[in-house]
> 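I am attaching a structure below and will ask some questions about it afterwards.
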2 protein chains.
Amino acid sequence: MRSHNDRTVLRLVRSGAVSRASLAAEAGLTPQAVSKIVARLIAAGLLEETGTVRSAARGKPRTSLRVAAGGAHAYGAYVDRDELRVVRLDLIGEVVSSSVVPLAPMFTPADVLDALAPLVSADEKVLGLGIAIAGPLDFTGGVVSPNGLPGWNAVPLRELARERLGLPVVVDKDTNAAVLAEAWRRPLADAAVVFVGTGLGVGLLLGGEVHRGARSGAGEFGHTTIQLDGPLCVCGRRGCVEAVHATVSGAEAARVLGAAVVSLVQLLDLDQIVLSGRKVLESPELYLKAMPEVDVSVTSYGPDLVPVGAGLLVLGELY
Amino acid sequence: MRSHNDRTVLRLVRSGAVSRASLAAEAGLTPQAVSKIVARLIAAGLLEETGTVRSAARGKPRTSLRVAAGGAHAYGAYVDRDELRVVRLDLIGEVVSSSVVPLAPMFTPADVLDALAPLVSADEKVLGLGIAIAGPLDFTGGVVSPNGLPGWNAVPLRELARERLGLPVVVDKDTNAAVLAEAWRRPLADAAVVFVGTGLGVGLLLGGEVHRGARSGAGEFGHTTIQLDGPLCVCGRRGCVEAVHATVSGAEAARVLGAAVVSLVQLLDLDQIVLSGRKVLESPELYLKAMPEVDVSVTSYGPDLVPVGAGLLVLGELY
DNA sequence: CGCAATTATTCAACAGCGTTGCTTTAATCT
DNA sequence: AGATTAAAGCAACGCTGTTGAATAATTGCG
């Protein structure tokens with residue numbers, strides 16, 4: 001009960017609730033309960049008062065509240081093909097510092113840990129580290145076997161990082177981190193981030209939660225059949241979107257992806273699609289025009305999309 | 001807290017927990033708390049003691065518990081194309097009575113209410129009525145505009161039924177009811193029921209919950225593109241699974257559906273697929289063989305699949 | 001200016017639910 | 001019979017939210 005209501009209040013303040021009075025109204029709690037909860041959160045350094053706001057013509061003005069940015073921090077890391085990107089987030093999810101270091105070809109788990117260690121400091125304010133990496137992986141166990149990284153087989157990355165850094169660590173797919181980051185900037189409940197690069201993957205937000213599936217494998221969008229008996233795919237089957245998309249280019253490629261995205265939106269009844277990935281960023285207009293039925297946009301994050309989402313894996317536990 | 005733990009205990013007893021002691025272990029509560037919760041549930045008539053079971057070589061035997069079948073009932077109704085099927089469920093989800101009445105061609109909402117009224121009695125034990133019907137519909141508002149029923153446009157079916165019958169009513173898509181029914185018989189977390197009839201739809205269970213999407217429209221599996229530039233579909237686009245599937249038959253039809261289901265399983269990382277619908281029931285072997293990579297089975301329910309699921313929409317609130 | 005009216009927040013007593021510590025009950029083993 | 005073991009209940013307690021009344025900070029009006 002307690003932690004649930006604490007999270008509810010923090011979330012409401014972040015999403016614009018002004019004062020104890022408005023929190024009570026929106027959370028369905030009594031003003032008294034909100035008073036106690038807010039007192040706890042202020043004592044913990046997670047909330048702060050910022051003055052007063054007149055809400056009605058008469059009466060005592062409301063004491064406005066906001067999330068105390070410095071109340072807690074989290075690190076987010078993105079283990080990409082050729083570089084490691086790390087951000088430090090404050091409690092409102094803003095990037096307070098950011099670093100990129102290159103990773104040598106054929107880098108090993110030990111290389112990643114060595115690169116991480118100097119970028120992450122386990123001070124008191126830090127809740128933990130989220131690491132985003134390509135799938136497949138086991139989310140609950142934190143064990144990764146990323147595609148495209150030879151030699152990485154069933155690496156217990158979460159445990160390795162936790163021991164090396166002395167911090168709680170969460171490991172998730174890069175696409176899941178991305179959709180968390182997008183959902184942080186605006187309220188999303190059923191949405192997807194579609195990554196169009198060499199591969200083709202989606203991060204799914206369903207019912208307000210990241211959908212990972214039975215074995216943390218959800219998001220394999222690239223191997224959806226879109227052309228029966230189409231070109232052979234690396235996965236061994238024929239006519240996967242990824243394979244068909246790779247054989248064409250320009251407007252035709254966008255048309256192929258568009259058809260797949262429209263199918264996805266209908267299947268899951270999504271209300272928002274966000275595009276990202278190298279191929280899309282090269283010619284966004286083409287892709288946006290290819291799916292006129294869909295409420296689609298290109299990510300508003302730069303290269304921080306995934307690492308910020310990784311940090312939110314940790315920070316999100318407070319909300 | 002209270003209602004949450006009450007539900008947890010009821011769910012655990014249903015799924016095989018034997019006694020207060022085992023409940024405490026499985027729920028992570030203290031034996032004392034479980035004792036109090038069980039006492040409440042017995043007083044409410046939802047649980048009953050059924051004797052004792054020796055768990056260890058020595059010591060007091062455990063007092064075994066089970067859900068009191070008669071503790072509460074719920075009705076489930078399925079408004080099909082040409083008939084209305086109603087079941088009454090007891091608290092363990094068993095059908096205690098069942099009726100079918102034909103519906104005249106072009107039946108109206110009033111016809112359905114007239115058919116329902118004599119089959120549903122609002123006695124004290126009855127929690128409510130779940131109604132399953134073809135989409136599209138608005139789940140939260142209980143307003144339906146089912147495909148294939150001319151004249152049904154934005155019918156506030158939930159409100160109409162509630163007024164007429166004097167019972168709480170929930171309205172949902174037939175496919176969603178079906179997946180609830182399947183999940184009732186065995187533990188499922190990420191699964192789908194695939195209906196293959198004139199149309200093609202799925203009920204999605206994701207993370208243990210029915211996924212309805214932003215506008216209750218999720219499950220539109222039939223209009224997934226599987227053949228770029230394929231045959232024209234009733235939806236106006238080309239190469240939808242439904243349209244391609246309709247142009248072929250036998251093993252080829254099964255192959256088309258198989259490809260679509262494999263894509264679905266990969267996209268959402270489902271661990272179980274259940275097939276239903278007229279087309280599948282005509283030649284189940286054909287369809288099962290068409291998707292060897294998938295853990296797939298044919299529904300073990302007969303015609304009660306959907307109405308039972310509809311009843312579980314209501315009954316499930318206790319679990 | 002001073003007091004009523006209004007709105008926000010807090011104080012104090014209370015109630016519900018799970019926990020802790022200990023007791024009672026019901027069985028087996030020696 | 002008495003010791004041992006396991007299940008379940010009793011009593012007191014603590015935490016969290018609720019209820020009812022008080023306090024604080026404004027505006028409006030005589």
Side-chain angles (χ1 to χ4, degrees), chain A residues 1-13 15-68 317-319, chain B residues 1-13 15-68 317-319:
Chain A
M1 202 78 227
R2 165 178 169 164
S3 67
H4 174 257
N5 283 340
D6 284 12
R7 279 197 298 272
T8 302
V9 166
L10 214 51
R11 196 183 327 124
L12 287 173
V13 172
S15 68
V18 199
S19 67
R20 293 170 178 80
S22 53
L23 282 168
E26 291 185 45
L29 293 167
T30 60
Q32 186 55 36
V34 171
S35 233
K36 289 183 184 178
I37 293 165
V38 166
R40 269 205 305 267
L41 293 173
I42 290 178
L46 303 181
L47 280 186
E48 56 193 14
E49 298 189 336
T50 59
T52 58
V53 179
R54 250 201 339 257
S55 70
R58 327 221 286 203
K60 177 175 175 176
R62 300 182 162 187
T63 310
S64 52
L65 298 166
R66 71 169 173 215
V67 175
E317 290 167 13
L318 286 182
Y319 294 89
Chain B
M1 202 79 227
R2 165 176 169 164
S3 66
H4 173 257
N5 283 340
D6 284 11
R7 279 198 299 271
T8 302
V9 165
L10 213 53
R11 195 181 329 123
L12 286 173
V13 172
S15 67
V18 198
S19 66
R20 293 170 178 80
S22 53
L23 282 168
E26 290 185 46
L29 293 167
T30 59
Q32 187 55 37
V34 170
S35 233
K36 289 184 184 177
I37 293 165
V38 167
R40 271 205 305 267
L41 293 174
I42 289 177
L46 303 181
L47 279 187
E48 57 194 14
E49 299 189 337
T50 59
T52 58
V53 180
R54 250 203 336 259
S55 70
R58 331 223 281 206
K60 178 173 174 176
R62 301 181 161 186
T63 309
S64 52
L65 299 167
R66 71 170 173 216
V67 175
E317 290 167 13
L318 287 181
Y319 293 90

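Sequence lines set the chain letters: A, B, ... in the order given, protein chains first and strands last, and positions in each chain run from 1.
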> Of all the choices, dA25(D), dA8(D), dT19(C), which nucleotide is nearest to the side chain of K60(A) once you look at every atom?
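When the side chain of K60(A) is considered, dA25(D) is the closest of dA25(D), dA8(D), dT19(C).
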> Applying salt bridge (charged side-chain N to carboxylate O under 4.0 Å, His left out) between E49(A) and each of R66(A), R20(A), R62(A), report the one that passes.
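Per the salt bridge (charged side-chain N to carboxylate O under 4.0 Å, His left out) rule, the option paired with E49(A) is R20(A), out of R66(A), R20(A), R62(A).
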> Given that S22(B) and K36(B) both sit by DNA chain D, which one's nearest nucleotide is further toward the 5' end?
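Upstream on the strand: S22(B).
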> Within the distance-only criterion (no hydrogens, no angle test), does the side chain of S64(B) pair as donor or acceptor with the backbone N or O of G51(B) below 3.5 angstrom?
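Side chain of S64(B) to backbone of G51(B): a pair is present.
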> Which listed nucleotide (dT28(C), dT9(C), dT16(D)) is nearest to the side chain of R40(A)?
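Shortest atom-to-atom distance from the side chain points to dT16(D).
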> Check whether any side-chain nitrogen or oxygen of R20(A) sits under 4.0 Å from OP1 or OP2 of dT10(C), and answer yes or no.
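For R20(A), the contact criterion (side-chain N or O under 4.0 Å from OP1 or OP2 of dT10(C)) is met.
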> More 5' along DNA chain D: R58(A) or Q32(A), using each one's nearest nucleotide?
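That would be Q32(A).
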> Atom CG of N5(B) to atom C1' of dC17(C): distance rounded to whole Å?
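In whole Å, dC17(C) C1' lies 9 Å from N5(B) CG.
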> Among dT18(D), dA8(D), dA27(C), which is the nearest nucleotide to the side chain of P61(B)?
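So the nucleotide nearest the side chain must be dA27(C).
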> From C-beta outward on S55(A), which listed nucleotide comes closest to its side chain: dG9(D), dG18(C), dT7(C)?
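Among the listed nucleotides, the one closest to the side chain of S55(A) is dT7(C).
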> How would you label the contact of P31(B) with the nucleic acid (heavy atoms, under 4.0 Å): base, sugar-phosphate, or nothing?
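It contacts nothing in the nucleic acid.
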> Kindly indicate whether the side chain of L41(A), heavy atoms from C-beta on, has any atom under 4.5 Å from the side chain of L65(A).
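The answer is no, as the side chains (C-beta and beyond) never meet within the 4.5 Å cut-off.
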> Have a look at T63(A) and say if it touches a base, only the backbone sugar-phosphate, or nothing, with a 4.0 Å heavy-atom cut-off.
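Here T63(A) touches the backbone only, sparing every base.
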> Any side-chain N or O of R2(B) less than 4.0 Å from the OP1 or OP2 oxygen of dC17(C)?
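Yes, such a contact exists.
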> Can you measure E49(B) atom CD to dT25(C) atom C1' for me and round it to whole angstrom units?
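About 13 Å, once rounded to whole Å.
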> Between T30(A) and dT18(D), is there a side-chain N or O to OP1/OP2 distance below 4.0 Å?
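Yes, within the criterion.
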> Rounded to whole angstrom units, what separation is found between the NE2 atom of H4(B) and the C1' atom of dG18(C)?
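Distance, rounded to whole Å: 14 Å.
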> In Å, rounded to the nearest 0.5 Å, how long is the span from CG of N5(B) to CD1 of I37(B)?
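N5(B) CG to I37(B) CD1: 4.5 Å, rounded to 0.5 Å.
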> To the nearest Å, give me how far apart CZ (R62(B)) and P (dA8(D)) are.
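Going from R62(B) (CZ) to dA8(D) (P), I get 7 Å.
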> It should be established whether R54(B) places a side-chain nitrogen or oxygen under 4.0 Å from OP1 or OP2 of nucleotide dA27(C).
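Answer is no, no contact under 4.0 Å.
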